[in-house]
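A quick write-up on the structure given underneath.
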Amino acid sequence: MSKKRLSSQVGHTTDSYHRDELPIAQGKAKIIRELQRNPVTILVGETGSGKTTQIPQYILEAGISGGKCIAITQPRRVAATSLAARVAMEQGVSLGTSVGYSIRFDEHCSPNTKIKFITDGMLVRELMSDKYLSNYGVIIIDEAHERTLRTDVLLASLKQILRRRNGSSQGHDQSQDPLKVVVMSATLDAQGFSNFFDSIKPIYVKGRQHDVHIFHTLTSQPDFVEAALRTFFQIHTSNNPGDVLIFLPGQEEIENLNSSIRFYARQLPQGVMPVLVYPMYSSLHPSQQSKVFMRTPHGSRKCILATNIAETSITIPGIKYIIDTGKCKERRYVAREAGSGVDTLLTRDISRSSAMQRAGRAGREGEGFCFRLFPKQAFDSMAPTLEPEIRRCDLTAMILELKSLDLDIERLDFMDKPDEDAVYSGLTTLSILGAIDKHQNLTGAGKKMAALPVDPKFSRAILASEELGCSQEVIDIVSVLSVSSRLFLGVQNDDSNVVGTRDKFKHPSGDHCTILNAFRAYQEVVSSGTYGEATSWCARNFLNARALSEAVEIRRQLRGICKRIGINTDLSCSGQVQPIIHCLVLGLVQNAAFIQPNGFYKQVMGPSVVKIHPGSVVAQTHHPAIVYDELVFTTQTYVRGVSIVTKAEISNVFSSISGRF
DNA sequence: GAGCACTGC
């Protein structure tokens, strides 16, 4: 494979530094001046510039926050906690005093906290109780280029809050102290932020970086897994030291390449370094995941095969070579009438900024190399950034959240306007669920649903569970469903034992009650044993221990909120299944499907013909009617999280809600 | 017979 040599500057961070030596320190005086002068500042800083740790301290030290708290939002929880720890150390204070953090389930703050790292989702939740965010003097939106749904909601709200707290014009609230907003982005495409905030000129800060030499292929590589295999062995047989990180779109490609590399590595001649191959993706067993962080033994080479997880979420030390297939998986919601939309999960080309971010992963500790398995022209014609989340996800939950903040999604000034069909679809779902009335006003039920931090279809089920006397069971099920990661773990080289142990929890009615069985069994182990015992019990039963312990926390949180908003959480249907299923049907009405003569199921409220995902406990069975949690198109249209119901149950619920849409 | 990555009073 021939490659054209190009050079590019990309980011680098070291673990130990003096604050004054960071690249951003050179521009400190200028930055402080700009911050003092302007209500909104846009700051573009490359990786390793030190902006995230230093800007809050500059603001504090220069007294710009007017004695009030400075919030710095982060899209990820780990980032919020580790950055807070770093800044506390630099300030010479203990974490949770003047420097703290706030993430779901874990808050380390005091009334005297002046610098608070907070997940963007938590700050959105804080809006619900304080709609001017009046506790804060400065709000810093970090990693704004990632354009998460919650970042976009915050930016839109902040624009309005700025008018209320600062403006001389209409809507200014005299009782409010002024607010400053800092938008920080790691990529050069700050134009969008600039346009959004009255054409403010961004401040640029260079990063601290090592050179990364970038190579492109001359032609496009349709079989990128095979191209990655060849490129890896070219690097490997050169015998230059340094670990390799290969970016692939998904688990399937990773496992294929894993076995190919292992196969060929065994046939290498004597004298070539041994290779240690590690897959890395989010649903991998935690014990397998942690292997990528182990030090590479002297005289061997580590090769990590990763999804996008290694692009932003985790940093693996020692990487000198990147092989970038230029592909990722993208989840996208395709809205359809009556809220019967489909999620698609398909492989697509990455963006230019993503390609640059991936290359940068080779330059963190020294000079690096990045081999792109696509031509330079392909790079040039890539989209500059991926489409923001607000343009490609189901907006139902967000519309409900905004309604409870008295905000109207159709009137809010967003950086990118949400898709009209997605808004319509979300509004339809909310009216079917009874969260809004004919005039699209929040109902009493809708207020309660908004208070519960779960998908509206699940908060609907929780509300119903009080009437049907099974709030204990339904809250338990919803807690597990609300955990992002999967409950049942697979292992590499799938062996039939996994299915065997899963059968232990299997309930004939489907996945929801199966989940309940597993969760109840786990809770019993936890209450009668130590944390370590629970973890090993999970491992023996191929259950995701992290998912279950998170479900316990979500359960505690949901029960707390239910009590506060007046939902009795102690009702149990003691072993009966029907009430539980009925609650689920009320939340999942739009997700009902009837069987067809050919064995496939057809949506009742939409046109799709669907198949039960093979991971479901009822995958191989046939029943007249089902309800499901998710509809995802990958290679086929699959439904996941399935319970068996009767056609009568579906039509009863239909007639009780007809007229709402 | 198959699962990109995050997040929430």
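Each chain gets a letter, A, B and so on, in the order its sequence line appears, and its residues count up from 1.
When the nucleotides B/dA5, B/dA2, B/dG8 are ranked by their closest atom to the side chain of A/Glu389, B/dA5 comes out on top. Candidate nucleotides B/dC6, B/dG8, B/dA2 were compared by shortest atom distance to the side chain of A/Ser313, and B/dC6 ranks first. Closest approach to the A/Arg331 side chain among B/dG8, B/dC4, B/dG1 is made by B/dC4 (side chain taken as heavy atoms from C-beta onward). Between B/dG3, B/dC9, B/dG8, one nucleotide has an atom nearer to the side chain of A/Gln251 than all others, and that is B/dG3. Side-chain proximity of A/Arg104 to B/dC9, B/dG3, B/dT7: nearest is B/dC9.
Within the 4.0 angstrom heavy-atom criterion, only backbone atoms of the sugar-phosphate kind lie near A/Ser282; the bases stay farther away. A/Gln620 comes within contact range of no nucleotide atom at all, as no heavy-atom separation falls under 4.0 Å. Looking at heavy-atom distances under 4.0 Å, A/Arg564 makes contact with a base. As judged by a 4.0 angstrom heavy-atom cut-off over every strand, A/Phe105 is placed among residues making no nucleic acid contact. A/Ala451 comes within 4.0 angstrom of sugar-phosphate atoms only, judged by non-hydrogen atoms across all strands, and of no base. When heavy atoms are screened at a 4.0 angstrom cut-off, A/Glu330 is found touching no nucleic acid atom at all. Heavy atoms of A/Thr634 sit under 4.0 angstrom from primed sugar atoms or phosphate atoms, though from no base atom. Using a 4.0 Å heavy-atom distance criterion, A/Val632 is classed as making no nucleic acid contact.
Residue order along DNA chain B, read from the 5' end via each residue's closest nucleotide, puts A/Met280 first among A/Pro453 and A/Met280. Of the two residues contacting DNA chain B, namely A/Ala397 and A/Arg392, the nearest-nucleotide position lying further toward the 5' end is that of A/Arg392.
The side chain to side chain contact (heavy atoms under 4.5 Å, CB included) test with A/Leu149 is passed by exactly one of A/Val124, A/Ile390, A/Asp120: A/Ile390.
Following rounding to the nearest Å, A/Ile254 (CD1) and B/dA2 (P) show an atom-to-atom distance of 17 Å. Here the P atom of nucleotide B/dC6 and the CD1 atom of A/Ile309 are 5 Å apart, to the nearest Å. Between the P atom of B/dT7 and the CG atom of A/Leu127 lies a distance of 19 Å, rounded to the nearest Å. Following rounding to the nearest Å, A/Glu387 (CD) and B/dA5 (P) show an atom-to-atom distance of 20 Å. One interatomic measurement links the two molecules: CZ of A/Arg555 to P of B/dG8, which rounds to 20 Å at whole-angstrom precision. B/dC9 atom C1' lies 13 Å from atom CG of A/Leu405, rounded to whole Å. Rounded to an integer number of Å, the gap from CG of A/Leu400 to P of B/dG8 is 18 Å. For the pair A/Glu252 CD and B/dG1 P, the computed distance is 14 Å after rounding to whole Å.
Applying the 3.5 Å distance criterion, the base of B/dT7 shares a donor-acceptor pair with the side chain of A/Arg150.
Applying the side-chain contact (heavy atoms from CB on, under 4.5 Å) rule to A/Asn517 yields the partners A/Phe505, A/His507; only residues at least two apart in sequence or on another chain are considered. Here A/Glu253 pairs with nothing under the side chain to side chain donor-acceptor pair (under 3.5 Å) rule; sequence neighbours left out.
Between A/Val632 and A/Arg331, the closest side-chain pair of non-hydrogen atoms falls below 4.5 Å.
One finds no side-chain N or O of A/Thr312 lying less than 4.0 angstrom from the OP1 or OP2 phosphate oxygen of B/dA5. One finds no side-chain N or O of A/Tyr281 lying less than 4.0 angstrom from the OP1 or OP2 phosphate oxygen of B/dA5. Phosphate contact (OP1/OP2 of B/dA2, side-chain N/O of A/Arg486, threshold under 4.0 Å): absent. Phosphate proximity of B/dA5 to A/Thr307: present, with a side-chain N or O under 4.0 Å from OP1 or OP2. Contact between the side-chain N/O atoms of A/Thr119 and the OP1/OP2 oxygens of B/dG8 is found at a separation under 4.0 Å.
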Mind running side-chain contact (heavy atoms from CB on, under 4.5 Å) on A/Val181 and A/Ile161 for me, showing each step along the way? CA-CA 10 Å; A/Val181 171; A/Ile161 295 169; over 6 Å; no
Step by step, work out the side-chain contact (heavy atoms from CB on, under 4.5 Å) result for A/Glu401 and A/Met128. CA-CA 8 Å; A/Glu401 253 174 58; A/Met128 290 192 176; 3.3 Å; yes
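No donor-acceptor contact under 3.5 angstrom links the side chains of A/Thr151 and A/Glu146, judged on distance only.
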